[in-house]
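What you are looking at is a predicted structure, and each value in this text was computed from that prediction instead of being measured. We name chains A, B, ... by the order of the sequence lines, and we start the count at 1 in each one.
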Amino acid sequence: MPELPEVETTARELERRVRGRRVIDVVLSGARLRLGRAVDAAGVDRAARGRRITRVWRRAKYLVIELDDQALLVHLGMSGRLLVHPVALVRPPHTHLVLVLEGREEIRFIDPRRFGLVRPYALAELAAAEELAELGPEPLSPELTAEDFWQALRGTQGARVKSVLLDQRHIAGVGNIYACEALFVAGIHPGLVARGLSRPRAEALLEAVRVVLRRGLENRGTTLRDYAAPDGQGANQQALEVFAREGKPCKRCGRMVRRMAQGGRSTFYCPGCQRR
DNA sequence: TAGAGCCTGCGG
DNA sequence: CCGCAGGCTCTA
């Protein structure tokens, strides 16, 4: 569920709410998370218990909760949330990690589908973490130039442009919603072979990615089902042009928005506004 | 570069 | 009951 704007919103709100607080207890559900792998319970406990939360930040769709010289790397998968809640004995189903803080509040990681990830790292080892090793550039960073992006597109084989946007090795943090929205804003058909995009169209696409991500951030993310940040739901759903709007009229040209399958995911697009 | 698989929950 | 869901990884 969560893409760059949702994860960034979660990071900012966590930072605001819990930075500087000490973790006095750690509770794990024991459930297996991503790929059916067990969470390193002893490692998580060691990394968090008794330490102070010094910083919370985002890289791609990963969150990093820094605790002094330790860190927890967290991915929300499809259905994960990180919430701040008053301490309670009874917690909602699918609560897989709780960091109990001084001050009668706790951070809860709740993930019904269990595609998420929680993994402890020594802060000094984080830069070499396998999860972060192959990630491409941050789309909102000025260090990513249109030229770089165009070269990345040109370096792909036969991949469609939509799939390339989802590939975290080329550009990090874009998911299904914002990929569809960016292609609409750029007027590009999702089925185009990425390698064949002209330099001006590549530049327009990068600009569109930035526009939709910034808008998503301003709206604190898109809540279609159950996404929520610590301070509540997002508002970006009302700004969506094509995503989840199959059969509805395009807001720009009035033609019906279509849905097609690409790589096992749904792609929403307007056949009038998005050209090959 | 598809497709399956990992999971639960919801809406039609 | 079936299909579908803001992700990622491994396989053919």
Side-chain angles (χ1 to χ4, degrees), chain A residues 1-11 29-39 58-63 73-82 92-96 109-119 129-136 139 155-183 190-195 209 212-213 215-217 219-229 233-247 259-268:
Chain A
M1 117 232 310
E3 308 179 30
L4 186 153
E6 291 76 29
V7 179
E8 178 70 27
T9 299
T10 301
S29 71
R32 292 164 186 276
L33 297 179
R34 179 187 291 184
L35 265 347
R37 280 204 278 267
V39 175
R58 177 196 62 79
R59 167 77 171 111
K61 299 175 196 171
Y62 288 89
L63 280 143
L73 186 65
V74 177
H75 194 290
L76 302 177
M78 288 281 258
S79 58
R81 300 172 171 191
L82 278 168
H94 312 298
T95 302
H96 301 301
F109 172 66
I110 302 167
D111 182 11
R113 295 180 72 183
R114 287 186 266 137
F115 293 168
L117 175 92
V118 174
R119 189 165 171 181
E130 58 181 329
E131 290 85 357
L132 308 182
E134 305 220 335
L135 293 172
T156 58
Q157 292 298 312
R160 315 281 150 162
V161 62
K162 159 78 181 322
S163 306
V164 174
L165 287 178
L166 293 183
D167 188 333
Q168 303 296 298
R169 295 171 303 177
H170 298 305
I171 189 163
V174 177
N176 210 23
I177 294 180
Y178 297 96
C180 292
E181 294 295 306
L183 287 164
L192 267 183
V193 173
R195 182 178 6 95
V209 165
V212 300
L213 290 177
R215 184 189 301 150
L217 267 173
N219 286 324
R220 298 181 49 260
T222 303
T223 298
L224 290 176
R225 287 179 178 70
D226 47 6
Y227 162 71
Q233 305 204 322
N236 197 58
Q237 51 280 11
Q238 40 86 20
L240 298 180
E241 305 267 11
V242 288
F243 192 86
R245 297 195 68 247
E246 182 187 16
R259 181 168 70 91
M260 67 182 203
Q262 283 186 301
R265 322 275 316 261
S266 286
T267 298
F268 299 88

Quick one: label [X] by what it contacts on the DNA or RNA (base, sugar-phosphate, nothing), any heavy atom closer than 4.0 Å.
X: Y178(A); answer: nothing
X: G158(A); answer: sugar-phosphate
X: G175(A); answer: sugar-phosphate

Side-chain N or O of [X] less than 4.0 angstrom from OP1 or OP2 on [N]?
X: R160(A); N: dT1(B); result: no
X: R259(A); N: dC4(C); result: yes
X: H94(A); N: dG9(B); result: yes
X: S266(A); N: dA5(C); result: yes
X: R34(A); N: dT9(C); result: yes

**Message:** Between dC4(C) and dG3(B), how many Å separate the two P atoms, rounded to a whole number?
**Reply:** 14 Å
**Atom C1', compared across dC1(C) and dC6(B): separation rounded to whole Å** = 22 Å
Just the rounded figure in Å: distance from [atom2] of [N] to [atom1] of [X].
X: Q157(A); N: dA2(B); atom1: CD; atom2: C1'; answer: 16 Å
X: D111(A); N: dA5(C); atom1: CG; atom2: C1'; answer: 13 Å
X: F115(A); N: dT8(B); atom1: CZ; atom2: C1'; answer: 8 Å
X: L35(A); N: dT11(C); atom1: CG; atom2: P; answer: 10 Å
X: E134(A); N: dT9(C); atom1: CD; atom2: P; answer: 9 Å
X: K61(A); N: dT9(C); atom1: NZ; atom2: C1'; answer: 13 Å
X: M260(A); N: dG3(C); atom1: CE; atom2: P; answer: 20 Å
X: L132(A); N: dG7(C); atom1: CG; atom2: P; answer: 17 Å

**Base dA5(C) paired with R265(A) side chain (donor-acceptor, <3.5 Å)** = no
**Asked** Is there a donor and acceptor pair, one atom on the side chain of R113(A) and one on the base of dC7(B), closer than 3.5 Å?
**Response** yes
**Asked** Whom does dC7(B) pair with, Watson-Crick or G-U wobble, provided both distances fall under 3.5 Å?
**Response** none
Between [X] and [Y], which heavy-atom pair has the shortest distance, and what is it?
X: G221(A); Y: T9(A); answer: N-OG1, 4.2 Å
X: A172(A); Y: R59(A); answer: CB-NH1, 3.8 Å
X: V242(A); Y: E181(A); answer: N-OE2, 3.0 Å

**Message:** Judged by each residue's nearest nucleotide on DNA chain B, which is more toward the 5′ side, R225(A) or L33(A)?
**Reply:** L33(A)
**Request:** From the options dC7(B), dG7(C), dT9(C), select the nucleotide whose nearest atom is closest to the side chain of Y62(A).
**Result:** dT9(C)
**Asked** Does E130(A) have any side chain to side chain donor-acceptor pair (under 3.5 Å) partners at least two apart in sequence or in another chain, and if so, which?
**Response** R119(A)
**Asked** So does E134(A) pair up with R169(A), basic N to acidic O under 4.0 Å?
**Response** no
**Message:** Strictly by salt bridge (charged side-chain N to carboxylate O under 4.0 Å, His left out), give each pair with a member in residues 234-245 of chain A just once, sequence neighbours left out.
**Reply:** none
